[in-house]
Amino acid sequence: MSLDLAGVLACPDCAADLPAITEWGRDGMTCPGCGSRFPVFRGVPRFVASDVYVSSFSFEWNRHRKTQLDDAASRESEETFRAKTGLRPEEVAGRLVLDVGCGMGRFADVVSRWGGQVVGIDLSLAVEAAHANLVGRDNVRILQADLLHLPFRPGTFDIVYSLGVLHHTPDCEKAFRNLVPFVRPGGRLCVWVYGPMGSWQRFARLYRRVTVRMPRRLLHVLCHIAIPWHHLCRPPLIGPLFWTLLPVSRHPNPHWRVLDTFDWYSPQYQSLHTFPEVYRWFRSEGFVDITLLDFPVAVAGTRSREG
Ligand SMILES: C[S@@+](CC[C@H](N)C(=O)[O-])C[C@H]1O[C@@H](n2cnc3c(N)ncnc32)[C@H](O)[C@@H]1O
């Protein structure tokens, strides 16, 4: 049985306490405070009515449900999680952890394997992929929810992390600030957002003007160019020129290359940030023990116990 979230849930509309999921009806529950209805569909409690501006991710993560999920052959997501959060298994074990923008659940998978109790939320239908990937684990719960209207009581989580998500919202800083109240005093917040990317970005930005409006299926087919293109981008001198003209993922795994290329060219919102900027966000929210990780732009901090 998945985590029941007793004492954790609150209505995103009126902030009334909501019962544990085990007390919900088969098809959902109605908020006792304001009457808002929260259905359960395909095994996932839903706190939003649609995937609004993240429909590209609904497509992406259901098409690539397992591409980035660790398996016996690869622990790449686990390594990425360590690098972008600075967390170690012993800091996570037994903790209540919130994965904000969980996608298909690759990092929730890591936290679950490390012994954490992890709640994964995402605005997109990626939650269906995450649920399918992690169903049956008693330390995981996946919810469809908006990080700007989280269905939790404040001060609930020992650790909140959000990797590769906040820069895909209309206002990255606002999205960051919205997470702060859900970290318990003394708890840790870890975020990774896109940093400045160099000159290739100019062409990529130009192409995005068209690609974000394309039918998803067509764009996904076009992103298969990343499979051979990667090889043309390797020779010295001529390779970098090819790559600047048409930037695609250079991941060694061809499926991962298609996914990452689609992930770059499809999202509606995409902003870039710097270490000083994100550091200032943490400082201004009173965080202490702020760590700038080696992976740009990954920052973690501890929420002050003093207010
Ligand atoms: C690039 S994906 C990253 C997914 C996952 N963190 C990973 O690295 O595999 C960004 C995710 O953020 C989610 N997202 C964007 N805006 C959101 C919001 N307002 N609330 C919740 N999730 C959001 C998208 O649906 C998408 O799944």
Side-chain angles (χ1 to χ4, degrees), residues 12 44-70 74 76-85 87 97-112 118-131 133-134 140 142-152 159-179 182 189-195 208 212 216 223 249 251 255-256 258-273 295 297-298:
V44 180
R46 314 279 176 154
F47 291 91
V48 290
S50 82
D51 57 357
V52 282
Y53 65 86
V54 290
S55 58
S56 67
F57 289 111
S58 296
F59 177 93
E60 175 178 322
W61 293 125
N62 283 294
R63 191 51 81 95
H64 288 273
R65 197 181 107 191
K66 289 202 181 282
T67 305
Q68 296 182 329
L69 198 65
D70 283 350
S74 166
E76 184 165 341
S77 289
E78 181 169 338
E79 284 159 26
T80 303
F81 184 77
R82 281 178 196 268
K84 289 182 178 173
T85 64
L87 292 167
V97 181
L98 177 61
D99 179 338
V100 178
C102 62
M104 55 54 149
R106 61 177 169 145
F107 298 128
D109 166 55
V110 173
V111 170
S112 149
V118 59
V119 184
I121 71 103
D122 202 288
L123 181 55
S124 75
L125 300 180
V127 290
E128 293 174 10
H131 176 72
N133 282 333
L134 303 171
V140 179
I142 302 296
L143 310 171
Q144 189 180 8
D146 183 351
L147 68 85
L148 295 173
H149 302 281
L150 286 170
F152 306 116
I159 298 169
V160 175
Y161 66 85
S162 186
L163 306 182
V165 175
L166 305 180
H167 51 240
H168 289 308
T169 64
D171 183 338
C172 187
E173 178 177 350
K174 181 177 169 199
F176 168 85
R177 293 191 191 283
N178 211 66
L179 303 184
F182 298 95
L189 175 61
C190 311
V191 304
W192 173 67
V193 293
Y194 284 161
R208 266 182 53 80
V212 296
R216 311 275 182 242
C223 286
S249 164
H251 196 280
H255 300 295
W256 199 304
V258 174
L259 163 57
D260 273 352
T261 303
F262 183 85
D263 188 270
W264 180 265
Y265 286 107
S266 63
Q268 184 171 343
Y269 296 107
Q270 190 191 78
S271 53
L272 308 181
H273 304 275
F295 211 123
V297 170

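Atoms within a ligand are numbered from 1 in the order they appear, just like the ligands themselves. Starting from 1, each residue takes its place in the sequence as its number.
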Quick check on contacts: which atoms of ligand 1 are under 4.0 angstrom from a heavy atom of G164? 1 (C), 2 (S), 3 (C), 10 (C)
Would you say W61 has any N or O atom under 3.5 Å from an N or O of ligand 1, going by distance alone? yes
Indicate yes or no: does an N/O atom of V54 lie under 3.5 Å from an N/O atom of ligand 1? no
Just so I know, are the side chains of V48 and H149 near enough to count as touching, which here means a heavy-atom distance under 4.5 Å? no
For F57, take its heavy atoms, then give the atoms of ligand 1 lying under 4.0 Å from any of them. 1 (C), 2 (S), 10 (C), 24 (C), 25 (O), 26 (C), 27 (O)
Can you figure out which of G103, G101, A126, P267 has its heavy atom closest to atom 6 (N) of ligand 1? G101
Closest protein heavy atom (residue, atom, distance) for atom 27 (O) of ligand 1: D122 OD2, 2.7 Å
Mutual orientation of the aromatic rings belonging to W192 and H167 [parallel < 30°, tilted 30-60°, perpendicular > 60°]: perpendicular
Look at the rings of F152 and F182 and say which category their plane angle falls in: under 30° parallel, 30 to 60° tilted, over 60° perpendicular. perpendicular
Within the 4.0 Å heavy-atom shell around D146, which atoms of ligand 1 are there? 18 (C), 19 (N), 20 (N)
Check whether any N or O atom of S124, backbone or side chain, sits under 3.5 Å from an N or O atom of ligand 1, and answer yes or no. yes
Any D109 side-chain heavy atom under 4.5 Å of S77 side chain: no
As a quick check of understanding, evaluate side-chain contact (heavy atoms from CB on, under 4.5 Å) for Q68 and F107, giving each step before the final call. CA-CA 10 Å; Q68 296 182 329; F107 298 128; over 6 Å; no
Counting heavy atoms only, which of L123, N178, D263 is nearest atom 23 (C) of ligand 1? L123
Could you check whether any heavy atom of A145 sits closer than 4.0 Å to an atom of ligand 1, since that is the contact criterion I want to use? yes
Note: L147, heavy atoms under 4.0 Å from ligand 1, region reported as both
At a 4.0 Å cut-off, with the gap strictly under it, does some heavy atom of L148 reach an atom of ligand 1? no
Does the N or O separation between F107 and ligand 1 drop below 3.5 Å for any pair? no
Tell me if the NE2 atom of H251 is crowded by more than 12 foreign heavy atoms within 6.0 Å. yes
For W61 and F57, take the angle between the two ring planes, folded into 0 to 90°, and tell me which bin it lands in: parallel under 30, tilted 30 to 60, perpendicular over 60. parallel
What is the minimum heavy-atom distance between L179 and S162, and which atoms define it? CD1-CB, 4.1 Å
Among R46, R65, R63, which one satisfies salt bridge (charged side-chain N to carboxylate O under 4.0 Å, His left out) with E128? R46
Taking only heavy atoms of T169, which atoms of ligand 1 are found under 4.0 Å from at least one of them? 16 (N)
Please confirm whether Y53 comes under 4.0 Å of ligand 1, counting heavy atoms of the residue only. yes
Decide yes or no for N133 and R106: does some side-chain heavy atom of the first lie under 4.5 Å from some side-chain heavy atom of the second? no
Main-chain N/O of E60 paired to R216 side chain as donor or acceptor, under 3.5 Å: no
Can you report which non-hydrogen protein atom sits closest to atom 12 (O) of ligand 1, along with the distance? V165 CG1, 3.3 Å
Does any N/O atom on R106 come nearer than 3.5 Å to any N/O atom on ligand 1? yes
